[in-house]
Asker: 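Submitted below is the structure of interest, expressed as C-alpha cells.
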Amino acid sequence: MGGIITPVTSAPEQKSKFKISSIEVLCAILLIAILAQSQLQGVLDVPALRTGATVFVAVCVQALPFLVLGVLISGAIAAFVPARVLEKVLPKKQGVAVGVAGLAGVALPGCECASVPVARRLMGQGVAPAAALTFLLAAPAVNPVVLVATAVAFPGKPEMVAARFAGSLLTAMVMGWLWARWGKLEWITERALRRLPDVEPGARWKTFVETARTDLVEAGGFLVLGALISSAMGVLVPHQWFGVLSEQIVLGILVMAVLAVVLALCSEADAFVAASFSALPLLPKLVFLVVGPAVDVKLFALQAGTFGKSFASRFAPVTFIVAILCAVGAGVVFL
C-alpha cells in the first residue's frame with residue numbers, strides 16, 4: 001500500500017565506555033599480591049629488597065604529613081586569599097617589591113604547583129612580573145612547612161635549615177632583580193598577563209577542596225616516584241660511587257643539582273629524600289634542596305604551559321645556574 005514507510009530506528013549503538021583507571025589497576029595489583037602472597041614472599045625475601053622497601057616506606061611516612069599540610073595551605077591560599085592583598089602591600093618600585101615578594105613567601109606558603117597559578121594571578125592583577133616571579137620561587141622554598149620538614153629530616157643540624165632558607169631566598173630575589181633589569185614582557189604569553197577573576201564567595205570551599213586534592217595527587221605521585229628512585233639508588237648504586245661524590249665535591253654538587261631537576265620532588269618532601277643519601281656531605285644535599293623547588297622538569301612544564309615556552313626556555317636555565325651559585329654561597333657561610 002502507499003503508506004509512508006518510516007525507517008526502523010535501531011537501538012542506540014552501545015559504545016564501550018569501559019575505561020581502566022589507575023584505581024582499578026591498583027586494586028588489581030593488590031588483589032594479585034594478596035592471592036599470591038606466599039609465592040611473592042619467597043621471591044621478595046631478599047636483603048636488598050627489604051632495605052629498599054624500608055627506605056621507601058620511611059621517606060613516604062616522614063614526608064606525607066608535611067605534604068598534606070602544604071597542599072591544605074595552598075588550597076586555602078587559592079580559595080581565601082585574593083591576589084590583590086599582595087598587590088596592595090607590594091611597593092611600586094620593582095627593586096623593593098622583589099624583596100617584599102621574597103619575604104611574602106614565608107607568610108604565604110605553597111608547593112611549586114600552586115605557586116605558578118598564584119604568580120599568574122598576581123601578574124593578571126597588575127603586580128610587576130619581577131615581584132610575581134620572585135614570589136613564585138620563594139613561596140615553595142622558604143615557607144615554614146618546608147623549613148620544619150627540613151629540620152625534621154636533618155635532626156640536630158639547624159645550620160642546614162638556615163642555609164636552605166638563605167640559599168632559596170637569595171635565589172628568588174636574584175632572579176627577580178635579573179628579570180627587573182633584563183626581562184621583557186614579550187617573552188611572557190599574553191594569556192598570562194590577562195586579568196583573572198577572583199574566586200566567587202560561594203565557590204571558595206569548592207576551590208579549596210579541588211586545589212588541595214589536585215595538588216595532593218600531583219605532589220603525592222612525585223613523592224612516591226622520588227622515594228622509589230631514592231630507595232633504588234640506595235640499593236642498586238654501589239656505596240663507593242657516593243664515596244667518590246663525597247671526595248669530589250664539585251662533581252657531587254653538579255650530580256645532585258641535575259638529580260633535583262630530574263626527580264621533580266615536592267618541596268615539602270624533598271628534604272627526606274636528600275637526607276636518605278647518607279654517604280654525601282651536606283653541601284651537595286643543600287644544592288639539591290635549593291635547586292629542586294626553583295627549577296625541575298615539572299616546573300618547566302608548568303611554566304611553559306602558563307607563561308609560554310619563550311619564557312620557560314630563558315627562565316629555567318638561568319634559575320638553575322643562579323640556584324647552584326646561591327646554594328654554594330649559603331653553604332660556605334652556614335655549613
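As the structure is a prediction and not an experimental result, all values here were calculated from the model.
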Asker: Report the relative orientation of the aromatic rings in F315 and F311; use parallel for angles under 30°, tilted for 30 to 60°, perpendicular for over 60°.
Answerer: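 Parallel, since the angle between the ring planes stays under 30°.
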Asker: At their closest point, which heavy atom of A271 faces which heavy atom of F154, and how far apart are they?
Answerer: O-CE1, 3.7 Å
Asker: Of all residues at least two apart in sequence or in a different chain, which pass the side-chain contact (heavy atoms from CB on, under 4.5 Å) check with F165?
Answerer: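 With neighbours one apart ignored, the set is V106, V142, L147, L169.
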Asker: Any link between F300 and M175 through a network of hydrophobic side chains (Ile, Leu, Val, Met, Phe, Trp, Tyr) touching at under 4.5 Å?
Answerer: no
Asker: Could you report the tightest heavy-atom contact between A330 and A163, atom names first, then the distance?
Answerer: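 Here A330 and A163 meet closest at CB-O, 3.5 Å.
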Asker: Could you tell me the separation between the CH2 atom of W187 and the CH2 atom of W179, rounded to the nearest 0.5 Å?
Answerer: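 The distance works out to 6.0 Å.
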Asker: Is there a path from F288 to F334 through hydrophobic residues (I, L, V, M, F, W, Y) whose side chains come within less than 4.5 Å of each other?
Answerer: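 No.
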Asker: Could you report the tightest heavy-atom contact between A153 and F272, atom names first, then the distance?
Answerer: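 In this case the closest contact between A153 and F272 is CB-CD2, 3.7 Å.
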Asker: With sequence neighbours left out, what residues match L283 under side-chain contact (heavy atoms from CB on, under 4.5 Å)?
Answerer: I249, I253, L286
Asker: R164 vs S267, test: side-chain contact (heavy atoms from CB on, under 4.5 Å). Steps then yes/no.
Answerer: CA-CA 11 Å; R164 180 176 193 178; S267 58; 4.2 Å; yes
Asker: Grab the two heavy atoms, one from A131 and one from A101, that are nearest each other, plus how far apart they are.
Answerer: O-CB, 3.3 Å
Asker: Looking at every heavy atom in both V290 and P293, which two are closest together, and how far apart are they?
Answerer: O-CD, 3.6 Å
Asker: Working to the nearest 0.5 angstrom, can you tell me the gap between K285 NZ and T150 OG1?
Answerer: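 Output value for this atom pair is 12.5 Å.
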Asker: For residues V291 and A257, report the shortest heavy-atom separation together with the two atoms involved.
Answerer: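 Closest heavy-atom pair between V291 and A257: CG1-O, 3.8 Å.
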